[in-house]
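Written out below as structure tokens is the structure these notes cover.
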Amino acid sequence: MSRFPSLLAALCFALPVTAEPLGLGRVAEPDEIAAWDIDVRPDGLGLPAGSGSVMQGEEVFIEKCAVCHGDFAEGVGRYPALAGGLGTLQDERPMRTIGSFWPFLSTAYDFINRAMTVGYGEPASDDEIYAILAYLLYSNDLVDEDFVLSRENFTSIHLPNEGGFYMDDRAQTELPLFTHDACMSDCKTDVEITARVPNSQ
Amino acid sequence: MLTAGPALAGDPAITEMQPWRRDLGDPIDDAPYGLPSPFESDVVRRRVEWLTPDAYTAINFTPLHELDGIITPNGLCFQRSHAGAAQVDPAKYRLMINGLVDRPLVFTLQDLLRFPRENRTYFLECAANSGMEWRGVQMDGVQFTHGMIHNVEYTGVPLRYLLDEAGVKAAGKWLLAEGSDAAAMSRSIPLEKALEDCLVAFKMNGEALRPEQGYPVRLVVPGWEGNMWVKWLRRIEVGDKPWHHREESSKYSDLMADGRTRRFTWEMDAKSVITSPSPQAPVLHGKGPLVVSGLAWSGRGSIPQVDITLDGGINWVKARLSGPSFDKSLHRFYYEFDWDGRPLLLQSRAHDSTGYVQPTKDALRKLRGVNSNYHNNGIQTWHLKSDGRVENVEVS
């Protein structure tokens with residue numbers, strides 16, 4: 001049997017039902033997987049060993065992060081604030097931070113490690129990242145100043161908005177409303193302009 | 001005057017000899033990689049500085065008002081990066097598949113080129129496209145209201161073939177796609193989607209991906225929000241649960257009026273917009289025959305019908321679709337009529353192959369409030385004034 005989709009199948013846009021492996025690529029070495037497999041999940045999968053305190057975190061944060069995010073994680077210029085905004089999600093101008101909006105602390109470990117210790121940021125050890133997170137929890141008024149975060153107590157920390165997220169429900173709440181015959185004539189009696197681009201005439 | 005003698009009556013563009021008629025043109029070696037005419041120097045991507053902190057985590061916009069047909073030229077495809085556009089050496093390109101698989105694997109670019117390939121045309125729309133219009137009209141041109149979209153023919157390997165090669169374990173239900181740039185962009189994707197139609201693409205419109213589009217390899221996630229189409233793709237991990245990473249919780253999640261947030265809003269709802277006339281493409285020819293041109297698309301299928309109104313939604317007519325109609329691809333529509341010079345309120349309304357009809361912005365605001373940032377697929381209104389200028393408005 002051919003390993004490749006037949007011409008007919010390709011024309012019909014169908015993929016082979018059971019593809020046989022082609023034997024391409026090579027097995028990934030454990031060290032290679034360790035070098036790239038950096039992701040962290042809410043259940044703690046992927047967290048390295050380590051720990052850090054609020055005090056240590058304050059020092060590291062001010063040294064490595066504050067130039068863009070501010071000493072108190074309040075944000076500098078258009079760089080994002082990482083603290084504040086608790087209770088603002090229904091306001092006219094909600095403020096979405098780790099404390100007020102993010103559902104999981106693991107997301108912050110993962111993101112800081114993957115994107116803020118290279119590029120924009122500076123290298124930081126696992127202990128330093130735990131410490132930064134302890135400091136960010138403190139800056140968001142979620143822990144006391146003597147708090148120490150570690151792999152062991154990590155999943156016991158729950159952010160205030162964890163329950164505020166739900167799975168996309170457009171299929172139930174919107175698609176039925178917007179699936180209908182469309183009105184083609186005399187759909188309304190009159191039309192007025194209700195909004196214009198600010199500063200245009 | 002190029003020629004001596006009496007001036008001839010008529011159009012000097014005809015009666016006078018033009019330099020391009022008199023002189024030899026440019027030698028063939030001048031542009032080994034062809035470039036647009038210098039007269040088209042205005043047709044460029046543009047950035048809105050206040051939208052993002054700086055030029056590395058930034059976005060620019062496709063000049064939709066200058067384009068026609070359904071394909072976006074590679075150099076005009078809007079770009080979004082979170083840590084600049086990486087310049088990846090293809091000789092050092094590696095794609096790893098690990099996690100809940102029988103054989104964790106590494107592929108080189110050459111390996112990928114030995115799998116059966118597919119060519120498919122898809123739109124990529126940023127979830128934030130039109131997001132600046134949630135609170136009301138703000139941006140002065142279709143490039144800025146709708147330009148976070150492009151439509152490209154991709155050549156790539158079905159992700160399914162690569163997963164089959166590694167052997168997904170029974171517990172594997174989700175994928176994490178990850179980039180190799182300084183943002184290491186990461187998104188959770190349900191396995192069913194990967195098996196259905198995702199591509200690992202290395203060509204766009206026939207040539208290698210542009211660096212800003214993920215050279216040498218990006219993920220194609222048809223019909224779903226652009227952020228998931230991970231560029232500079234380095235790794236696919238198979239897992240049993242989603243990862244809830246930053247770009248699917250802090251960002252690319254939709255805050256509703258009640259303070260709760262929809263997550264995993266992947267599909268792009270059906271949408272359309274008139275690209276000309278529009279604020280950057282005013283009507284310069286006065287009354288008489290006028291061509292209205294626009295784009296329509298849906299993340300759930302194709303576009304069988306687009307309606308046009310000239311009076312802000314009292315009466316509608318069907319537009320004419322021209323060009324290929326592919327699933328999850330841009331469709332081009334036209335409406336030709338005789339403009340009497342009166343002000344018009346132009347709108348377009350897309351129907352997709354599931355029967356969904358593009359809603360008004362107010363209908364969406366009623367359901368979602370104005371703080372959801374993403375997924376604004378509401379009907380756009382352009383006010384064509386008697387003098388041919390066009391403004392962005394909303395109507396009752």
Side-chain angles (χ1 to χ4, degrees), chain A residues 4-5 10 15 19 21-22 24-28 32-33 36-39 41-43 77-79 89-90 94 96 101-104 106-107 110-111 114-115 118-120 164-170 173-175 178-180 182-188 191-198 200, chain B residues 53 83 96 98 103-107 111 114-116 136-138 140 158 160-161 164-165 176 182-184 186 234-235 237 241 243-246 249-250 253 255 258-265 307 311-316 345 349 351 355-357 359 367 371 383 391-396:
Chain A
F4 294 91
L15 304 179
L22 299 179
L24 292 171
R26 62 164 178 85
V27 170
E32 293 174 331
I33 296 175
W36 277 7
D37 188 354
I38 56 170
D39 48 88
R41 268 190 348 197
D43 59 5
R78 287 195 297 261
Y79 292 106
L89 297 183
Q90 290 187 68
R96 284 165 252 205
F101 187 62
W102 293 33
F104 302 112
S106 60
T107 308
D110 177 88
F111 181 75
R114 77 172 51 246
V118 292
Y120 279 112
F165 284 74
Y166 59 99
M167 188 67 191
D168 181 9
D169 64 351
R170 282 176 294 171
T173 56
E174 296 191 5
L175 301 193
F178 298 142
T179 303
H180 54 76
C183 174
M184 296 298 284
S185 53
D186 300 324
C187 303
K188 36 190 172 181
V191 169
E192 265 168 48
I193 293 178
T194 54
R196 306 184 119 94
V197 174
S200 80
Chain B
M96 181 185 288
N98 72 309
R103 292 170 299 280
L105 291 177
V106 174
F107 299 104
D111 293 333
R114 296 171 68 191
F115 283 90
V137 287
Q138 177 158 223
D140 229 344
R160 176 187 191 136
Y161 296 169
D164 280 343
E165 205 67 25
L176 185 76
S186 58
R234 79 168 184 186
R235 197 166 67 94
E237 181 170 344
K241 291 181 206 159
W243 279 259
H244 298 283
H245 277 180
R246 184 233 183 186
S249 44
S250 169
S253 63
L255 177 59
D258 66 0
R260 302 200 318 134
T261 301
R262 280 183 189 156
R263 63 159 58 108
F264 298 144
T265 45
D307 309 322
D311 56 20
I314 299 174
N315 294 299
W316 298 81
L345 293 167
R349 180 175 69 188
H351 302 237
Y356 177 99
V357 181
L367 293 166
N371 280 322
H383 178 206
E391 65 170 336
N392 179 6
V393 299
E394 285 191 33
V395 295
S396 53

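Numbered from 1 within each chain, the chains take letters A, B, ... in sequence-line order. In this text the structure is predicted, and so the values were computed from the model without any measurement.
A:Glu174 has a carboxylate O that lies under 4.0 Å from a charged side-chain N of B:Arg262, or vice versa, which qualifies the two as a salt bridge. The existence of a salt bridge linking A:Asp43 and B:Lys241 is confirmed by a sub-4.0 Å separation between a basic side-chain nitrogen and an acidic carboxylate oxygen. A salt bridge links A:Glu32 with A:Arg26: the closest approach of a Lys/Arg side-chain nitrogen to an acidic carboxylate oxygen falls below 4.0 angstrom.
Interface residue B:Gln138: only backbone heavy atoms are found under 4.5 Å from chain A. Only the side chain of B:Arg103 comes within less than 4.5 Å of a heavy atom in chain A; its backbone stays farther off. The parts of B:Ile314 that come within reach of chain A are both its backbone and its side chain, each placing non-hydrogen atoms under 4.5 angstrom from that chain. For chain B, the nearby parts of A:Phe178 are the backbone and the side chain; heavy atoms of each come within less than 4.5 Å. The parts of A:Phe165 that come within reach of chain B are both its backbone and its side chain, each placing non-hydrogen atoms under 4.5 angstrom from that chain. For A:Asp37, the parts lying near chain B are the backbone and the side chain together; criterion is any non-hydrogen pair under 4.5 Å. The part of B:Arg235 that comes within reach of chain A is its side chain, from C-beta onward, which places non-hydrogen atoms under 4.5 angstrom from that chain. For A:Phe101, the part lying near chain B is the side chain, with the backbone staying farther off; criterion is any non-hydrogen pair under 4.5 Å. Only the side chain of B:Leu367 has a heavy atom closer than 4.5 Å to any heavy atom of chain A. Interface remark: B:Arg234 contributes backbone and side-chain atoms alike to the contact with chain A (heavy atom separation under 4.5 Å). If you measure heavy-atom distances from A:Trp36 to chain B, the contacts under 4.5 Å come from both the backbone and the side chain. Using a 4.5 Å cut-off between heavy atoms, B:Asn98 contacts chain A through its side chain alone, with no backbone atom that close. Only the side chain of A:Arg96 has a heavy atom closer than 4.5 Å to any heavy atom of chain B.
When each of A:Gly77, A:Pro103, A:Gly25 is checked for heavy-atom pairs under 4.5 Å with chain B, A:Gly25 comes out on top. For the set B:Leu255, B:Leu176, B:Leu345, the count of heavy-atom pairs under 4.5 angstrom toward chain A peaks at B:Leu255. In terms of heavy-atom pairs under 4.5 Å with chain A, the best-connected choice from B:Asn371, B:Asp307, B:Asp311 is B:Asn371. Residue with the most contacts toward chain A among B:Gly259, B:Ser186, B:Pro104, B:Ala83: B:Pro104 (heavy-atom pairs, distance under 4.5 Å). Listed options A:Ile38, A:Asp169, A:Ile193 were ranked by heavy-atom pairs under 4.5 angstrom with chain B; first place goes to A:Ile193. Your options are B:Val395, B:Thr261, B:Val106, and the one with the most heavy-atom pairs under 4.5 Å with chain A is B:Thr261. Each of A:Glu192, A:Met167, A:Gln90, A:Met184 has some count of heavy-atom pairs under 4.5 Å with chain B, and the biggest count is that of A:Met184. Per-residue heavy-atom pair counts under 4.5 Å with chain B were compared for A:Val27, A:Asp39, A:Leu89, and the maximum is reached by A:Asp39.
Counting only distance, with no hydrogens or angles, the side chain of A:Lys188 and the backbone of B:Asn315 share no donor-acceptor pair below 3.5 Å. Panel note: side chain B:Glu165, backbone A:Leu24; a donor-acceptor pair is recorded below 3.5 Å. A donor-acceptor pair under 3.5 Å links the side-chain atoms of A:Arg114 to the main chain of B:Ala184, judged by distance alone. A:Thr179 places a side-chain N or O within 3.5 Å of a backbone atom of A:Leu175 that can act as its donor or acceptor partner.
Under a cutoff of 6.0 Å and an axis angle of 45°, B:Arg260 and A:Tyr166 form a cation-pi pair.
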* **Criterion side-chain hydrogen bond (donor to acceptor under 3.5 Å, both in side chains) on B:Ser250 and A:Trp102, from CA distance to verdict** => CA-CA 6 Å; B:Ser250 169; A:Trp102 293 33; 3.2 Å; yes
* To do: Evaluate side-chain hydrogen bond (donor to acceptor under 3.5 Å, both in side chains) for B:His383 paired with B:Asn392, printing each intermediate quantity in order.
  => CA-CA 6 Å; B:His383 178 206; B:Asn392 179 6; over 6 Å; no
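For the residue pair B:His244 and A:Asp110, no side-chain donor N or O sits within less than 3.5 Å of a side-chain acceptor on the partner.
The aromatic ring centroids of A:Phe104 and B:His245 lie 6.0 Å or more from each other.
Expressed to the nearest 0.5 Å, how far CH2 of B:Trp316 lies from SG of A:Cys187 amounts to 7.5 Å.
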